[in-house]
Participant: 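This is the structure, below, for whatever I ask next.
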Amino acid sequence: MSHYNEGFPQRSPALSLEQELFEQRFARIREIEALGWRPYGQRFEFTHTVPQIRASWSAADAETLEKDRVRVRAAGRVMTVRRMGKAGFFHMQQLGERIQVYVRKDAVSENEFRLYQILDLGDIAGVEGYLFRTKTGELSIHAEKLTFLSKNLLGLPEKYHGLEDVELRYRQRYLDLIANPEVLKVFETRARLIASLRRQLNERGFIEVETPMMQPLYGGAAARPFVTHHNTLDIDLYLRIAPELYLKRLVTGGMERVYEINRNFRNEGISTRHNPEFTMLEFYQAYADYRDLMDLSCELLERTAVEATGSAKVHYNGLELDFGNVRRYRMREAVIEFWKHGPKPTPGQVRDPEWLLRHSDKQTPGEALVDLFERHCEEALVQPTIIYEYPVEVSPLAKQNPDDPSMTDRFEIYAAGMEIGNAFTELNDPDEQRRRFEMQLAMRERGDEEAHQMDEDYLRALCYGMPPTAGEGIGIDRLTMILTGQKSIRDVILFPLLRPEGEIGIAEWLRQASSR
RNA sequence: GGGCCGGUAGCUCAGUGGUAGAGCAUCUGACUUUUAAUCAGGUGGUCGCGGGUUCGAUCCCCGCCCGGCUCACCA
């Protein structure tokens with residue numbers, strides 16, 4: 001038994017191996033303190049981040065480094081350690097990148113070398129020294145000072161495979177980020193994507209607003225809501241399923257270009273493309289129509305892809321998607337074009353209400369057309385595609401097409417077989433909106449729980465006159481999936497919803513360890 | 001909610017109707033340019049939980065819990 005194992009039983013049968021390791025590491029806290037460091041240290045002034053070091057000197061050869069003697073101070077999490085008696089190496093990781101550190105006994109103080117000898121994988125350390133290349137050519141820091149910054153008590157997943165258990169990855173995202181640096185890249189891309197959209201909208205004169213997440217009436221989409229309660233007012237409130245009706249109130253008030261990027265909540269199924277809370281961009285532009293937004297969408301998507309990933313062409317599921325080239329089909333055209341089995345329908349058939357009702361179990365021709373579209377076309381829309389002209393029955397907030405009142409001036413954007421955007425010329429006629437709400441109420445009475453509620457304050461706002469306006473929503477999570485190549489929405493949401501886990505027990509471990 | 005698949009050491013995974021194995025991690029020792037370091041030795045498991053069948057279950061059966069995929073719903 002080494003001297004730093006003294007002080008607690010060699011192996012108590014009551015302790016699991018995991019708890020034993022925890023106790024071993026906990027005991028090291030005292031030893032770190034004895035060497036003169038705080039186990040949970042203070043601020044550390046670094047000259048470079050690890051990625052900065054790599055970016056600046058990855059091309060510098062051994063002779064140059066020896067001649068220039070670049071001194072750096074850097075910090076990171078210890079990910080590998082190779083000790084060889086009186087010297088050794090470790091890799092430290094910061095911001096998803098690693099740098100090797102070389103520690104030799106005669107280059108640091110006695111206590112610093114002692115500290116190196118008791119570093120555990122997962123500890124956070126700071127290093128000062130000069131850059132050099134090892135015999136095998138790896139850029140490394142030759143340590144001259146070593147300091148301790150934070151103690152890891154739980155150990156790290158396997159160094160070669162990382163953390164693969166998806167349940168653990170989602171429940172303990174912090175551990176996922178430590179063990180799988182590529183996860184960090186996904187969320188960096190997500191952040192760039194959102195920043196790019198904000199930048200583009202700001203440049204075009206849109207202003208960002210925040211509207212209620214807790215709403216007395218829910219609307220703006222077809223979905224079941226979460227219900228909560230406010231005690232003081234003693235009222236039930238719904239977590240919003242969409243911000244749409246509030247944003248259009250603002251347009252009515254004269255905020256002619258508005259947008260909001262935030263969470264929506266829908267009390268529905270969980271799947272690889274659905275999370276109960278998800279992030280949506282909605283924007284509204286007065287004096288524009290859905291055709292304007294088609295063009296705007298293409299510009300937004302192309303530049304977002306470029307700014308987030310470096311290219312308008314992205315790879316998803318082994319295919320190349322080109323956001324620089326978005327196709328456009330009418331919904332009826334798409335049904336014909338992508339008809340799956342048997343002879344394709346004719347343009348006359350997809351306009352014929354009776355033909356549509358015969359080919360779907362939906363109750364209205366419009367719902368039947370959408371049903372056929374979803375069954376035949378959706379998964380085939382891998383390349384970015386705009387589908388336009390949606391039936392009025394499924395579009396209670398969109399303006400009718402002047403030439404065909406059964407259809408609305410609405411489009412959706414599809415990519416990788418997923419809907420990623422929805423836009424339309426907004427219905428601004430209050431009396432027509434009243435009729436649409438009443439149509440929704442009738443659908444609700446037929447058992448459609450997701451049909452709209454009547455929102456009289458919204459009607460009142462329209463009665464003051466909303467300018468002709470077009471609006472659009474873009475699903476940020478799904479767009480992130482496509483731009484980062486992730487197949488599950490849980491891989492682009494940092495903390496996806498899971499059932500809560502049971503008792504963890506770590507407080508008891510700490511209690512026991514600290515009482516020893 | 002339905003269907004299918006999975007849960008074995010801290011992690012990544014084998015495996016068997018006779019109460020379990022590997023690699024990594026961890027511990028001990030050696031090693032002053034290693035890098036999935038190496039070498040030698042050791043520790044470590046209520047085989048998800050509960051029932052049943054059986055002389056005997058981690059394995060077979062039933063139920064439950066947790067997760068993944070998928071269908072439905074939806075974006």
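Please read these numbers as outputs of a predicted model, since none were measured by experiment.
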Participant: Atom CZ of A:Arg98 to atom C1' of B:A37: distance rounded to whole Å?
Facilitator: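 Spelled out: CZ on A:Arg98 to C1' on B:A37 is 15 Å.
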Participant: Is the distance from the ring center of A:Tyr238 to that of A:Tyr218 below 6.0 Å?
Facilitator: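 Judged by ring-centre distance (under 6.0 Å), A:Tyr238 and A:Tyr218 do meet the cut-off.
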Participant: Taking the six-membered ring of A:Tyr130 as reference, does the NZ or CZ atom of A:Arg69 fall below 6.0 Å from its centre and within a 45° cone about the axis?
Facilitator: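 Judged by the rule, A:Arg69 and A:Tyr130 form a cation-pi pair.
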Participant: How far does the C1' atom of B:C11 sit from the matching atom of B:U16, given to the nearest Å?
Facilitator: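 My reading of the C1' atoms in B:C11 and B:U16 gives 24 Å.
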Participant: Side-chain donor or acceptor of A:Gln100 under 3.5 Å from a matching atom on the base of B:U34?
Facilitator: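 Answer yes: a donor N or O sits under 3.5 Å from an acceptor.
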Participant: How far does the P atom of B:G67 sit from the matching atom of B:G18, given to the nearest Å?
Facilitator: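 Going atom to atom, P in each nucleotide, I get 33 Å.
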Participant: How far, in whole Å, is B:G56 from B:U43 if one measures between their P atoms?
Facilitator: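 Between the two P atoms, the distance is 32 Å.
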Participant: Checking side-chain polar atoms at under 3.5 Å, does A:His91 have a donor or acceptor matched by the opposite partner on A:Glu97?
Facilitator: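 A:His91 vs A:Glu97: no donor-acceptor pair found between side chains.
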Participant: I want to know whether A:Tyr102 and A:His142 have ring centres closer than 6.0 Å.
Facilitator: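 Yes, the ring centres sit under 6.0 Å apart.
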Participant: Is it true that, when you exclude A:Glu508 itself, more than 12 heavy atoms of the residues, nucleotides or ligands shown sit nearer than 6.0 Å to its CD?
Facilitator: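 Counting other residues, nucleotides and ligands, CD of A:Glu508 exceeds 12 neighbours.
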Participant: Give me the stems containing RNA chain B, sorted by first residue, counting only three or more consecutive Watson-Crick or G-U pairs with both distances under 3.5 Å; say none if there aren't any.
Facilitator: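 In RNA chain B, stems of three or more pairs: B:1-7 with B:65-71, B:10-13 with B:21-24, B:26-30 with B:38-42, B:48-52 with B:60-64.
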Participant: Give a yes or no on this: more than 12 heavy atoms of other residues, nucleotides or ligands lie within 6.0 Å of atom NZ of A:Lys487.
Facilitator: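 Open: at most 12 neighbouring heavy atoms sit under 6.0 Å from NZ of A:Lys487.
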Participant: Taking the six-membered ring where the residue is Trp, are the ring centres of A:Tyr458 and A:Tyr246 under 6.0 Å apart?
Facilitator: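 Distance test on ring centres: not under 6.0 Å, no.
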Participant: Determine the Euclidean distance between corresponding P atoms of B:G6 and B:C59; express it in Å to zero decimal places.
Facilitator: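 Taking atom P in both B:C59 and B:G6, they lie 14 Å apart.
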Participant: Is it true that, when you exclude A:Glu182 itself, more than 12 heavy atoms of the residues, nucleotides or ligands shown sit nearer than 6.0 Å to its CD?
Facilitator: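 More than 12 heavy atoms, drawn from other residues, nucleotides or ligands, come within 6.0 Å of this atom.
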Participant: Could you give the distance separating B:A22 and B:G45 at their C1' atoms, to the nearest angstrom?
Facilitator: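 Looking at atom C1' only, B:G45 and B:A22 are 14 Å apart.
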Participant: If we only count heavy atoms from C-beta on, is the A:Arg104 to A:Lys86 side-chain gap below 4.5 Å?
Facilitator: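 No; the side chains remain at least 4.5 Å from each other.
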Participant: Just one of A:Arg114, A:Arg25, A:Lys151 clears the salt bridge (Lys or Arg N to Asp or Glu O under 4.0 Å) bar with A:Glu31, so which one?
Facilitator: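 Exactly one candidate clears the test, A:Arg114.
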Participant: At under 4.0 Å between heavy atoms, which parts of nucleotides 64-72 of chain B does protein reach? Answer with one letter per nucleotide, 5' to 3': B base, S sugar-phosphate only, - none.
Facilitator: --SSSSS--
Participant: If you take any heavy atom closer than 4.0 Å to RNA chain B, which residues from residues 139-155 of chain A end up in contact?
Facilitator: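 Within this stretch, nothing sits under 4.0 Å of the strand.
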Participant: For B:C60 and B:G7, measure between their P atoms and round to the nearest Å.
Facilitator: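 Their P atoms lie roughly 11 Å apart.
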